[in-house]
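Some notes on the structure that comes next.
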Amino acid sequence: MKRQYWLMKSEPTAYSINDLVRDKVTCWDGVRNYQARNFMRDDMQEGDGVLFYHSNMTIPCIAGEAKVTKVGYPDFTAWDTEDPHYDPKSCSDHPTWFMVDVQFVRACRTVITLPRLKEISGLEGMEVVKRGSRLSVQPVSPAEWKIIMTLSEWRAL
DNA sequence: GCCAACGTTGGC
DNA sequence: GCCAACGTTGGC
């Protein structure tokens, strides 16, 4: 299948691009929204591009690029009663929640802020620039991806 | 810290 | 199946 692109939100206090630099690969656990779950479970393919987005900070921003290295599989943190995202409705023989693995690709030399994204012609349709957008995993069109790749210098590590 | 927007829950 | 109440997300 043709390569697809995504934007994935993380609160940097919980998990930041620097954490991904350190870990190289991480499982994207803790998503508890059906629409976001469906993207991870049904649509994401190995090699897909990911924009790593820092949400819930003073100035939200795209902070780096990652790629999908493992397609959707059950989010086992949902079965862990100690986990903050524990969900008693999910059981291991019929999991409710799914996650993917993502691998660090490169970081923005200077992050691409949300206010800036809103000013860029061609990005008006992006989910993340829309008011009230809460979806934490969202598709990005090839055209949008291409534009965003020109908006920062990218630092491979 | 506030609050608008949104998703989920549960009573009916 | 409707919808009010509630909890959460996330920009500001």
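Proteins get letters first, then strands, A, B, ... in listed order; numbering begins at 1 in each. On a predicted model such as this, the values are computed, not experimentally measured, just so you know.
For B:dA5, one of the phosphate oxygens OP1 or OP2 lies less than 4.0 angstrom from a side-chain nitrogen or oxygen of A:R131. For A:Y53, no side-chain nitrogen or oxygen approaches OP1 or OP2 of C:dT9 to under 4.0 Å. At C:dG10, one or more side-chain N or O atoms of A:K9 fall inside 4.0 Å of OP1 or OP2 (strictly under the cut-off).
Among the heavy atoms of the strands lying under 4.0 Å from A:S133 are primed sugar atoms or P, OP1, OP2 only; no base atom is included. The residue A:K118 sits close only to the backbone: its heavy atoms come under 4.0 Å of sugar-phosphate atoms, none of a base.
Both A:N56 and A:G132 lie close to DNA chain B; mapped to their nearest nucleotides by heavy-atom distance, the more 5′-ward contact belongs to A:N56.
Just one residue in the list A:R32, A:R41, A:R37 forms a salt bridge (Lys or Arg N to Asp or Glu O under 4.0 Å) with A:D75, and that residue is A:R32.
Spacing between atom CD of A:Q138 and atom P of B:dG7 amounts to 13 Å, rounded to whole angstrom units. Rounded to a whole Å, the CD atom of A:E11 is 7 Å from the P atom of C:dG10. Atom-to-atom, CD1 of A:I59 to C1' of C:dG11 comes out at 12 Å; the value is rounded to the nearest Å. One atom, NZ of A:K130, and another, C1' of C:dT9, lie 17 Å apart when rounded to the nearest Å. The OH atom of A:Y34 sits 15 Å away from the P atom of C:dT9 (whole-angstrom rounding). In this structure, A:H85 places its NE2 atom 18 Å from P of C:dG7, rounding to the nearest Å. Atom pair A:N33:CG and C:dT8:C1' shows a separation of 11 Å (rounding to whole Å applied). Regarding A:I62, its CD1 atom lies at a distance of 15 Å from the P atom of C:dG10, rounded to whole Å.
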key: Full working for side-chain contact (heavy atoms from CB on, under 4.5 Å) between A:M149 and A:E65   = CA-CA 9 Å; A:M149 289 300 115; A:E65 179 191 345; 3.8 Å; yes
message = ring-ring contact (aromatic ring centres under 6.0 Å, His included) for A:F52 and A:W6? Distances and angles first, verdict last.
response = CA-CA 9 Å; A:F52 194 113; A:W6 309 91; over 10 Å; no
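Taking the ring centroids of A:Y34 and A:W97, they lie under the 6.0 Å cut-off.
Residues passing the ring-ring contact (aromatic ring centres under 6.0 Å, His included) test with A:W145, sequence neighbours excluded: A:Y5.
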